Each structure stands twice: as structure tokens, then as C-alpha cells.
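One structure below.
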Protein chains: 4
Amino acid sequence: MVKLQKSIEKRDALLRATLSLVNSGGIQSTSMAKIAAIAGVSPATIYLYFKNKQDLVNQLYLTVKSEFTHKAFEGYNANGPMKQSFEQIWFNMAHFKLNHRAESSFLSQCDNTPMIDEMTRNEGLKLIQPLFDLMLRGQNEGIIKSISPYLFYAYTIYPMSFLLNMQKRALFELTDQCLKESWALAWNSIRI
Amino acid sequence: MVKLQKSIEKRDALLRATLSLVNSGGIQSTSMAKIAAIAGVSPATIYLYFKNKQDLVNQLYLTVKSEFTHKAFEGYNANGPMKQSFEQIWFNMAHFKLNHRAESSFLSQCDNTPMIDEMTRNEGLKLIQPLFDLMLRGQNEGIIKSISPYLFYAYTIYPMSFLLNMQKRALFELTDQCLKESWALAWNSIRI
Amino acid sequence: MVKLQKSIEKRDALLRATLSLVNSGGIQSTSMAKIAAIAGVSPATIYLYFKNKQDLVNQLYLTVKSEFTHKAFEGYNANGPMKQSFEQIWFNMAHFKLNHRAESSFLSQCDNTPMIDEMTRNEGLKLIQPLFDLMLRGQNEGIIKSISPYLFYAYTIYPMSFLLNMQKRALFELTDQCLKESWALAWNSIRI
Amino acid sequence: MVKLQKSIEKRDALLRATLSLVNSGGIQSTSMAKIAAIAGVSPATIYLYFKNKQDLVNQLYLTVKSEFTHKAFEGYNANGPMKQSFEQIWFNMAHFKLNHRAESSFLSQCDNTPMIDEMTRNEGLKLIQPLFDLMLRGQNEGIIKSISPYLFYAYTIYPMSFLLNMQKRALFELTDQCLKESWALAWNSIRI
DNA sequence: TATGAATGAGTATTCATTCAT
DNA sequence: AATGAATGAATACTCATTCAT
């Protein structure tokens, strides 16, 4: 029991160490030695919790994606009005990304790295299934266009990644006003 | 004279080799040795054409971005109707991305790598200035919303990256029908 | 405990390997790979014990310089007659140089390399401070000339380097007789 | 004829380029490419004048050593009083070293590098034969001690190298006063 | 469970030298 | 005689992973 607790703590420490390192220097400059140092363990210990670096990054991906979706669907009532529900989820996601920069920067980096394997990506995709269910309801109710969920995601959720990236590069500030405009763009894009 | 020709060919071969390697394995696993091998030269030869790896990648970035924007503005008449002009550019961009997978995948990877330096990114940004000019005209004409160019880009051009990524992962097929729908989403997003 | 012992042994092996390689081929042709091979470890292992090549050479410098001065002041009584004390130190130094060819050749090479950093040189200089104290006493007692310690060193200790270099090149043999003559030259140079 | 002149100029330019580079960065960081660039020729051209890098450095060694001894024996009359003659040569050497830092720094670096081959060193040694002849005369006249020429050199000429090295490292200033003291040390060392 | 030590296989980069022109 | 282009072989150094304890 005590052992198990300790293990979970160490695993978490390793995940957190990885997250912070990836955030500050990118995946490629995040070495196992640095992760171990920050987590306060020996490099060899990492291999007791994760099969290898790829596994570590993949598990971190799932963990962060899970946190993200958990926050995204916080307070979500599957029976409420579609637009209102989606709006709430949309703003939840936006707020998560704004308030958890390290996490969202990590997720962005994962989009283009071959380090995340396809199976893990699919696992991650499943987590936002409720969003796609909601979308379907909207489509059935004739509120939003009948398009592929990929198109739906591309024009409502994905644009935020770009805006955050620009903000990270200090080219742009995502103010509350911008956020509202952004939501309007997203909604107008898909509504009928 | 002959030498110069030969040099340009070799430089191109190196850029092409880099492009294909980055496309298939990511920037980090693209080593100078592999690039040299594919280009059919010695690793040392790379340094006759590029200062270092970063320089090589940055020059490739500008080359590809330049090709992309060249195609994007092909046939563009700055005085034509705003919507029609934008539609043409939008489809030009989409077709480039569809027909030059390696190039667009490379550009996507560049978005999140620290290897492209800020100066080069700005050079790249300047290339699509005509698009922002067109956007301004549309805003002045009261056709599209008065929003930041970053929002404009995020909801009209950027979503294509997601769709291509999904297509690359074989989760989705970007058919002509989809493309038309996609344009509708983009335009509805920003139009007044 | 056992590990620590082992480590010290390996560190010593690396220092010894470096010493012998520098002795036989110069610092520049002493590569990390050769050092590792002679010490019987992997090149990567060197970096567990030393930060980089410069650090390795600097630590070797301090180690050897320390051995040298330790021998130089062996049996030295700071209160004895100045000339006698100096004579003893002088011969100690000479004998060290004669009996530890590799070490003294290494120290000679260090004189002209930019690899030894100024801080380390100063550390090394401090080790022979007792000699300069003795010199000062001799000057106060009116036994030797009132000259800069650099002049003092240049005309009493430094000439040995030349003689050893000539001996290494087999142009000259530093016999006991020569050593005595040499001491006479050194002493006559500085005495009043 | 004209060709030959041109060649000699280029050869000199290469030697001068090498000298200045070795002076500012050491032999090991003096690359053939840099030498060529400073001399204003192609790297390949160096090999028309010198067999390889070692040959280049060796020839430079002989050239500089020759300049040095030429200056050393300037105004020397082999029949004058021994002490006076030696004093003149000694100061000539000192002044050369003080006024030609690059050259004397280069010669110092040559002392400990395996790049100068034994044959070349011997050639260099022959150039100061007149000094050894003078020494012999002094010994025959009973003015100076009957010691090996190596001891003689070690205690009269060699110490200057140390002083110049210290001066280069800004630890010491070789003033006129110091120079006079230095000569006194040298002479007292060997005189009877 | 945990680790410090060790390393093989890599990395980008440099450079003396050669060769076709 | 002169060269720009090319390169093989080397360089110092890094890192994910393993292993003896």
C-alpha cells in the first residue's frame, strides 16, 4: 500500500518533470538524465515506471489529454441546449489552454512528432468523443452543418492552437475580447 | 560557369534530401549524415553550401514557404472582388498542400520547432503579406469582420493543416466535396 | 564504498592515460578516444569524471604540479639556512624532473598551450609560494639579489626545462656532474 | 623571372599569414584554410609551395630562426672582447624578442610541439653556432666557466623565454631596468 | 524497488589534403 | 601556376538504455 503510493508519486514526479522540460526546451532537448534529475531519481529508475522514452512521452500525452478533456467537459450536461453546451465546452477548452500553458504547448508539440504512436493518438481522440456526440446532436437538430467531425474540429477547436502559438511567440495577445471574437468565428463557421 | 550550375544542383539535392527526411522521420531524426547520403555527397560537403544544420533547415523553410506563397498568389489580381480573390488564394493554398504533401508536412513541423529562428519566421511571414492586404480591403469594404490578422489566419488557413495531418494519418480523406465544405466553413467564419 | 574506490581508480587511469599520450604525441594529438582506449573505458565514461577535455587536462595539470611541489618541498624546514634550504629544494625539483620524465614533459607542454586556463595556472603558481617566501627571506638577509620572483625563477628553476628537453632529444646527458654545475650556475646567478 | 618573383611573394605571404595566425591562436587552431584566406590564395595553392602543413611550419621555423640569429649577430665582431661581444649579442636577442613578439611567441611554441622535426631543429641550432664559438673563446680565455654549451644556453638565453611568456600573460613587465638585471643574472651565472 | 556507473551508437562539425579544370 | 569544390577521416561530445549491486 505504502509502496504503491510512493510509486505513484514518483511516476507523477517523472511525468511532471518531463512536462516542464518539454515546455521549456522542446522534446528533443529533453533528456532522460534531465528528467531524472528534476524528478529527484536515478535515470535507471525511470525504466521501472516506463518502458522507454517513447513510452514516457506517450503516457504523458494521455495524462495531459485526459486532464484537458476532463476540464473541457466540467459542468457539461449532455441534455442541455446544444449551442449553449458547446459554448461552455469551447470556453472550458480555451481557458484550460490559457491557464495551462505548459500542458497545451506540450500537446501542440505532440501534434507533429513521430514520438506519439498511432494507438496512443487514437486513445486521445476517444476522450473527446462526447464533443463529437454533441456535434451529432447539433447536426440532427439542424443547428449546425452536416460535416465530418474532422472539419468540425479543424474550424472550431484547432484554431486556438495557432493563437496560443502566436501568443507564446509574443506576436499577439489573446485578450478576453479576442476570445469572444474567436468563439463567434468558430460558431459562425459551423452554424447553419 | 559550369561549376556554378553544378553547385546549384547540389544545393538543391541537399534541400530535397532534407525535405524528404524531415517528412518521413521528423527534424530531430534527420541527421547530416543521412542528408549527405541521400544527396550523394560527403557530410563535409554540406558545409560548403550551408553554415550548419540550423542554416540548412532555415533556408529550406524559406525555400518551401516561398514556393508555397508563389503558388498561392498565382493568378491573383489585387484589384478583383475581395471574396473571389480570397477564394482563389484559399484554393491555391489548399491545392498546394494537397499536391505537395512533403512540403506542407515540413512547414507544419516548422511551426513547433525551435530550429527555425525568429528572423527567418518573420521573413516567411512577409511572404503572405498580400493576403493580409486583401483581408484589410475586405474589412474596409465591410465584407468581413474587423478582426486581428492572426484570428483571420487561424480560422481560414490554419485549419487546413489539421485536415492534412488527419489525412496523412489516414483517418480522413480530403475529397473535393470536403474541400468545398471547408471553404464554406472558412468563409462563413469571417464574413459579416 | 566499493564503487567509490573503483571510481578513483578509473579517474587515475584516465589521468595516467592522458599523461602518457600527451608525453608521446603532444596535447593536440591526444584525443578523447585514445585516452579512453588506453584507460580501458568507453569515451563516454570520461565525461563521468571530467566535464570535458579542457577540464581533464587542467585537473591533470594540477595533479602533476601538486606532485611536483610536494616532492620539491619534501624535508624542507622553513627555518633552516636560506642557501641550504634552497639548494635542497632545487635538487628535489631536479630529481623529480629527472625521475618523472613524462610528468615534467607534460608540465613543459602546459607552459605554452591555451588549454590550461588562467585560474588553473594561478592555482598551480600558489603551490610554489613557499619557494618565493624563501626567496624573500634570502633577499631580506642580504644573501641574494633583490629581483622580481619572475627573474629569480627564470634563472634558477626554468633552465632545467631546457636541459631536460635537450636530454629528451638525446642531444645531451644530464649527469650528476652536470647537475652540480647547473646548481652552481643557478646560485651564482642570483647570489650577491 | 617575373613568375619566380611572384612565387616568392606568395610564399612569403603564406609564411606571414601562418606566423600571425599561430601567434593569435596557437598552432593547432591555425588551419590551412585560414592561412590561405589571409594570404589571399586558394588552400590548394599552399601545396604548390609546401609539401604539407608540417613542411610549412618547419620552413617558417627556419625562416624565423634565421631572422632571429641574423639580428642577434648584427654588428658582431668575432675578434672583439668576449664579454662585450656576448653582451651585445645578448641584448640583440632580447631586443628582437621584445620587438618581434609574434616571432618569438612562435619560436616558443615550436619548443614543445612535435610538429617541428628533428632535422629542422638541428638546422636551427646550427644558426647560433657563432654564439657557441664565442662561448668557447670565453672559456679558453678563462673568463667563463667550462660548461656544456647546453648549460650555457640554458642559463643565459633560455630564461628570456620565460620572462616573455610571463609578460605575454600580463603577469610581469620586462622594463629596461629588468633587462639590465636580467643580463647581470645571465653573466654572473656563467662568469668565473 | 532503486541506483550509480557504464557504454555503444550516435551527433554535428572540422580540416588537411586532393583533384578536375 | 592556380583554384574551387570535394571529401575521408577525424574531432569532442551526448544520450537512451542497461547492468551489477
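These numbers come from the heavy atoms of this one structure, side chains and all, not from hydrogens, waters or symmetry mates. Quick caveat, the model's predicted, so the values are computed rather than measured. Chain A is the first sequence line, chain B the second, and so forth, proteins listed ahead of strands; every chain is numbered from 1.
Using a 4.0 Å cut-off, no side-chain N or O of B:Y49 falls inside it from OP1 or OP2 of F:dA5.
Contacts classified as side chain to side chain donor-acceptor pair (under 3.5 Å) and involving residues 15-26 of chain A (residues at least two apart or in different chains) are given here: A:N23-A:S105.
Taking atom CG of D:L48 as the reference point, atom P of E:dC19 lies 14 Å away to the nearest angstrom. The interatomic distance linking A:E9 (CD) with E:dT1 (C1') rounds to 15 Å, in whole Å. F:dA12 atom P lies 8 Å from atom CD1 of C:I35, rounded to whole Å. The nearest whole Å value for the distance from the CZ atom in C:R11 to the P atom in E:dA5 is 14 Å. For D:L14 and F:dA1, the CG to C1' distance is 13 Å, given to the nearest whole Å. Rounded to whole Å, atom C1' of E:dA2 lies 15 Å from atom CZ of A:F50. Atom pair C:K10:NZ and E:dA6:C1' shows a separation of 7 Å (rounding to whole Å applied).
Looking only at side-chain heavy atoms (C-beta outward), D:L15 and D:L56 come within less than 4.5 Å of each other. Between C:Y49 and C:K10 the shortest side-chain heavy-atom distance falls below 4.5 Å. You'll find the side chain of A:S108 stays beyond 4.5 Å of the side chain of A:N165, heavy atoms only. Using a 4.5 Å heavy-atom threshold, the side chains of B:H100 and B:F68 count as separate.
The side chain to side chain contact (heavy atoms under 4.5 Å, CB included) test applied to B:S29 returns B:K34, not counting sequence neighbours. With sequence neighbours left out, the side-chain hydrogen bond (donor to acceptor under 3.5 Å, both in side chains) criterion links C:R169 to D:E118.
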If you apply the rule side-chain contact (heavy atoms from CB on, under 4.5 Å), what do you find for D:I35 with D:F50, and how did you get there? CA-CA 12 Å; D:I35 293 169; D:F50 304 96; over 6 Å; no

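Remark: DNA chain E forms stems of 3 or more consecutive Watson-Crick or G-U wobble pairs, all pair distances under 3.5 Å, at E:2-21 with F:2-21.
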Hey, can you pull the donor-acceptor pairs under 3.5 Å for the side chains in residues 57-65 of chain D, sequence neighbours left out?
{"unit_1": "D:N58", "atom_1": "OD1", "unit_2": "D:D117", "atom_2": "N", "d": "3.1"}
{"unit_1": "D:N58", "atom_1": "OD1", "unit_2": "D:T120", "atom_2": "OG1", "d": "2.9"}
{"unit_1": "D:N58", "atom_1": "ND2", "unit_2": "D:Q54", "atom_2": "O", "d": "2.6"}
{"unit_1": "D:N58", "atom_1": "ND2", "unit_2": "D:M115", "atom_2": "O", "d": "3.0"}
{"unit_1": "D:Q59", "atom_1": "OE1", "unit_2": "D:R11", "atom_2": "NH1", "d": "2.5"}
{"unit_1": "D:Q59", "atom_1": "NE2", "unit_2": "D:D55", "atom_2": "OD1", "d": "3.3"}
{"unit_1": "D:Q59", "atom_1": "NE2", "unit_2": "D:D55", "atom_2": "OD2", "d": "3.2"}
{"unit_1": "D:T63", "atom_1": "OG1", "unit_2": "D:Q59", "atom_2": "O", "d": "2.7"}

Generate the contact string for nucleotides 12-18 of chain E. Rules: B means base contact, S means sugar-phosphate contact only, - means no protein heavy atom under 4.0 Å. SBBBSBB

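Map A:I46 and C:S42 each onto its nearest nucleotide of DNA chain E; the residue landing nearer the 5' end is A:I46.
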